[in-house]
Amino acid sequence: MQLSTPVILYLLLINLIAFALMGVDKSRARRHKWRIPEKTLFLSALLGGRVGAIAGMQFFRHKTKHWYFVIGMPAILVLQAAGYFFLSHRF
């Protein structure tokens, strides 16, 4: 199964958004401002931005001490990769 151009563009965009959300939330945390809800950060990963979210965690050193992010983000990546593998070999 090959990805179409719109799907590739969507994945690039959602990964950039997930990466940026991590950076914005880290910046706001440093300034004691209103934060981006954690469920929004997870939602961006669930919508396809898992690589961007993980990269943002590492680049900005953000949410790296929260076990549910350290385990949850890679778990989303593994589950979505397994789902893609299953679907691509099933159809």
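Bear in mind that the values here come from a model prediction, so they are computed numbers and not experimental data. Residue numbers start at 1 and run along the sequence shown.
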Practice prompt. Could you check if a side-chain atom of M57 sits within less than 4.5 angstrom of a side-chain atom of M73, using non-hydrogen atoms only?
Written response: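 SC-SC contact between M57 and M73 confirmed.
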
Discussion item. Just so I know, are the side chains of E38 and Y68 near enough to count as touching, which here means a heavy-atom distance under 4.5 Å?
Written reply: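 Side-chain contact under 4.5 Å: yes.
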
Nearest 0.5 Å, please: how far is [atom2] in [Y] from [atom1] in [X]?
X	Y	atom1	atom2	result
R35	T40	CZ	OG1	12.0 Å
L46	I14	CG	CD1	10.0 Å
W34	D25	CH2	CG	8.5 Å
L43	I36	CG	CD1	12.0 Å
R50	F42	CZ	CZ	14.5 Å
F59	K26	CZ	NZ	12.0 Å

Item to complete: Assign the ring pair H89 / F85 to parallel, tilted or perpendicular, where the plane angle (0 to 90°) is split at 30° and 60°.
Response: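 It falls in the tilted class, 30° to 60°.
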
Worksheet item: Short question: side chain of N15, backbone of A53 - any donor-acceptor pair under 3.5 Å?
Response: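 Here the side-chain-to-backbone pair does not exist.
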
Worksheet item: Within the distance-only criterion (no hydrogens, no angle test), does the side chain of S88 pair as donor or acceptor with the backbone N or O of Y84 below 3.5 angstrom?
Response: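 Yes; judged by distance alone, with no hydrogens or angles, the pair exists.
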
Shared hydrophobic cluster for [X] and [Y] (ILVMFWY, side-chain gaps under 4.5 Å):
X	Y	answer
Y10	L16	no
V24	I54	yes
V7	I17	no
L12	I76	no
L11	L47	yes

Discussion item. A quick test of your reading: do over 12 heavy atoms of other residues, nucleotides or ligands sit less than 6.0 Å from CZ of R28?
Written reply: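 More than 12 within 6.0 Å, yes.
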
